2 protein chains.
Amino acid sequence: MSRPTVAGVARAAGVSVASVSRVLNGLPATEEMVGRVQRAVEELGYVPDARARSLKVGRTFQLTLAVADVGNPVYVTMMRAVEEVVSAAGYRLVVTTTGPDVADEVALVRGMARGYADGLVISPLRVDDDLIKSIRECDVPVVVAGNVPASAGVDTIRANSPKGMLLAVEHLLQKGRRRIAFLNGPRDTVPGTARAKGFAEAMKANGLRPVAEVEAADFTFAAGREAGRELLSGLGAGSNRADARGVAPGDRGRAGVAGGPAAKRRRSAPDAVIAANDLLAVGLMHELAAVGLEVPRDVAVVGMDDSELAEQSFPPLTSVNLGSAERGRRAAELLLARIDDDTRTPRRIVVQPTLSVRRSTP
Amino acid sequence: MSRPTVAGVARAAGVSVASVSRVLNGLPATEEMVGRVQRAVEELGYVPDARARSLKVGRTFQLTLAVADVGNPVYVTMMRAVEEVVSAAGYRLVVTTTGPDVADEVALVRGMARGYADGLVISPLRVDDDLIKSIRECDVPVVVAGNVPASAGVDTIRANSPKGMLLAVEHLLQKGRRRIAFLNGPRDTVPGTARAKGFAEAMKANGLRPVAEVEAADFTFAAGREAGRELLSGLGAGSNRADARGVAPGDRGRAGVAGGPAAKRRRSAPDAVIAANDLLAVGLMHELAAVGLEVPRDVAVVGMDDSELAEQSFPPLTSVNLGSAERGRRAAELLLARIDDDTRTPRRIVVQPTLSVRRSTP
DNA sequence: ATGAAAGCGCTAACAA
DNA sequence: TTGTTAGCGCTTTCAT
């Protein structure tokens, strides 16, 4: 025997399907009616079909969160925040992965028109006109957690990368580090662009010139290692190494400050690296260890995202908190608000960063 | 104007709705018919409604993967594997989080009857009769990635924890470590039970008695730190510290280690710890560092799951690979097979572990 | 307060 | 090959 339907329940209860539906939806009915229906429901183990219901009422009570890579811990933070808000509002949250290609993102947004969910929060890694077009044409509300032009006319919530970079640079400066290098992710991504720009500005504002800049192939640990290797091999980074254990714990071992023939080399060796996210930073730290450089003594490292990984890494990673939790929360709120009223003018919210100082900086 | 439907397309193309449906589903039609329909579809930007379609055909072409905690990197591995298999089979994968309570899991399984997806892979943290009952009664196929009794009559795929523990213990033994402690997760969970049992057996088989056993409140980093602290404070673990370079900078001054009945302490101080998963292991390593113990010199650490975190941690973590990727892959295959044929007898697959040796063991 | 019936958008008989 | 039509399971008028 197949799954019971309203009709089955109605038959079992000896009432009409309309009455069953009413009782199920808490609309007015007599005590007795409620009792009969509930008994029948119980007895048959009836569970209403969400597809049929949503076909009729035009809503699924599901919301989708689309992220590029479930392995990136920043999305974990965001997911948790989104989940909390949407479930409090009575929605189910489903998470899907897009992968790194913009084509996948476009396909996902287009697919939303099929009625899988009542709304979408998307955190796109790459953005192009196709994607913006698909978002604008999407029948269900979309909130972008990331940077898209205002002309797109869509609700967005984004981080303030330049400000975050400023926080990182100034923190390092305050700790006496001036030979700052930058380990970026792919520059053709939204965060990659924003962070490159932010880094350049922050350095300039402080009268500094970057010691080195490398671009990882992805925002992943593996890519971070590889790019870290490149960063270290291209420069005389090894010259930072303090003379091993002869150095007292308090001494930050700024070897090479004194002049000498190695001046040129020394000049180009970073005493600090800012990484565009925590995964890259951790990958870099592995490479630093591999060539015998100690963090933070020889090289200070600052990550971005302040994800769970920053806390878990060793040494714990100083990281720019770009407000992933708040972005997630507010993205969800924006989405709920737009579902509620589709005519409101699109909002563009910027979340301000803070710096979580840990032991990877002196 | 609202979203176009088959009727709209049919009108625009001057054909019947049935013809539209046929063309869309690739059923035989004349060149001209295909052309007309496709033109109309293009023009109107028509996208078929998945809800209506699935209401009619009885399938959603979506599969659900339910995990307890998106922050646990072992699920990342599993997710990736499941995703790969199901998307190759033409299904969308949606991921949902259950949280740690069995009630949430039961609610999720019951909810599947509402038709959200054509199948479910669930990796339950806690299992009780209610959950098993709900799985057995579930109208859509369910595959359990975890340990449920054979009597449940459900497809399962699980790890071989005892074997994994044996691998860990024997590896440590081979490296000359005999004072082995165990950092478990909550024992009222499926993995917690399995690993406690496995650890006890593995130790016994090698004629060893555990130096200490502690139970973390959750399978999380924070709980790992806390339980790690407990483990270290309850024992004279600090006595392991090689004298080496004097006092390390991170030394938190383990007062009371010197003097007193050191012999007793030393006997009970572990020279190796096996943690029930990677997050716990990493949490522990932070606590070890905090009391000035070096890994692996003073204490060797073995994690379980061989997740991305094992590779990312510092030092990289030796970890028992319980086959999360393979479990994910085969769980997905099992699910697809059952969707294909609901009458096949339930299979119970056990995946064999391997050991990924890294630098946290000597 | 309850019941009969229309219809959400689609597919699959069945008819032509 | 194409069109007509009956539902999939549900909610919601509109009568009663």
Side-chain angles (χ1 to χ4, degrees), chain A residues 1-41 44-62 111-118 139-140, chain B residues 1-41 44-62 111-118 139-140:
Chain A
M1 93 205 177
S2 175
R3 266 178 58 187
T5 70
V6 269
V9 175
R11 209 175 313 115
V15 301
S16 75
V17 291
S19 297
V20 174
S21 176
R22 277 191 213 101
V23 170
L24 259 33
N25 291 299
L27 296 172
T30 56
E31 280 286 295
E32 201 216 323
M33 173 63 80
V34 173
R36 297 178 73 151
V37 171
Q38 284 183 343
R39 215 169 310 122
V41 164
L44 299 178
Y46 168 76
V47 180
D49 186 304
R51 296 167 303 201
R53 179 164 205 279
S54 70
L55 179 59
K56 184 65 189 169
V57 303
R59 305 178 62 177
T60 61
F61 295 95
Q62 289 197 184
M112 291 308 290
R114 306 175 74 105
Y116 288 123
D118 299 339
D139 323 71
V140 307
Chain B
M1 99 205 174
S2 177
R3 267 178 57 187
T5 71
V6 267
V9 175
R11 210 176 314 118
V15 301
S16 76
V17 290
S19 297
V20 175
S21 177
R22 275 190 214 102
V23 170
L24 259 34
N25 292 300
L27 296 172
T30 56
E31 279 285 298
E32 200 217 324
M33 173 63 81
V34 173
R36 297 178 73 151
V37 170
Q38 283 182 343
R39 214 169 311 120
V41 164
L44 300 177
Y46 168 77
V47 180
D49 186 304
R51 297 167 303 199
R53 178 165 205 278
S54 70
L55 179 59
K56 182 66 189 170
V57 302
R59 305 178 63 176
T60 62
F61 296 95
Q62 289 197 180
M112 292 306 291
R114 307 174 75 104
Y116 289 124
D118 299 339
D139 322 70
V140 308

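We name chains A, B, ... by the order of the sequence lines, and we start the count at 1 in each one. Quick caveat, the model's predicted, so the values are computed rather than measured.
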Task: Nearest-nucleotide 5' precedence on DNA chain D, B/A52 against A/N25 - done: B/A52
Task: Qualifying salt bridge (Lys or Arg N to Asp or Glu O under 4.0 Å) pairs, either residue in residues 17-32 of chain B, two or more places apart - done: B/E32-B/R36
Task: Opening and closing nucleotides of DNA chain D in contact with chain B, under 4.0 Å to non-hydrogen atoms - done: D/dT1 to D/dG9
TODO: Using whole Å, report how far CZ of B/R3 lies from P of C/dG9.
DONE: 8 Å
- [ ] Would you tell me if any nitrogen or oxygen in the side chain of A/T30 comes within less than 4.0 Å of OP1 or OP2 on C/dT2?
- [x] yes
TODO: With a 4.0 Å heavy-atom cut-off, tell me which residues in residues 8-17 of chain B come close to DNA chain C, sorted by residue number.
DONE: none
Task: Smallest separation among heavy atoms of B/A10 and B/S16, with atom names - done: CB-C, 3.7 Å
- [ ] Just call it for A/S21: base, sugar-phosphate, or nothing, with non-hydrogen atoms closer than 4.0 Å on any strand.
- [x] base
Open item on the list: When you compare the side chain of A/L55 with that of B/K56, does any pair of heavy atoms fall below 4.5 Å?
Closed with: no
Open item on the list: From CG of B/D49 over to C1' of C/dG7, roughly how many Å is that when rounded to an integer?
Closed with: 14 Å
TODO: Kindly indicate whether the side chain of B/R51, heavy atoms from C-beta on, has any atom under 4.5 Å from the side chain of A/S54.
DONE: yes
Open item on the list: If you define the side chain from C-beta out and look only at heavy atoms, does anything of A/Y116 sit under 4.5 Å from B/T60?
Closed with: no
TODO: Please report the shortest heavy-atom distance between B/V15 and B/V20, naming the atom on each side.
DONE: CG2-CG2, 3.9 Å
Open item on the list: At 4.0 Å (heavy atoms only), tell me whether B/R51 reaches a base, stays on the sugar-phosphate, or touches nothing.
Closed with: nothing
TODO: Considering non-hydrogen atoms only, spot the tightest contact between B/V34 and B/A29 and give its length.
DONE: CG2-CB, 4.1 Å
Open item on the list: Measure CZ/A/R53 against C1'/C/dG7 and give the value in whole Å, please.
Closed with: 16 Å
Task: Atom-pair distance (CG on A/L55; P on C/dA6), nearest Å - done: 18 Å
Open item on the list: Using heavy-atom distances to pick each residue's nearest nucleotide on DNA chain D, tell me which of A/V47 and B/R22 is more 5'.
Closed with: B/R22
Task: Whole-Å distance separating the NZ atom of B/K56 from the P atom of C/dG7 - done: 17 Å
TODO: Please examine the side chains of B/V41 and B/L24, heavy atoms only from C-beta on, and report whether any two atoms are closer than 4.5 Å.
DONE: yes
TODO: Select base, sugar-phosphate, or nothing to describe what B/A18 touches, counting heavy atoms under 4.0 Å on all strands.
DONE: base
Open item on the list: Tell me if a side-chain donor or acceptor on B/R3 pairs with a main-chain N or O of A/A113 at a distance below 3.5 Å.
Closed with: yes
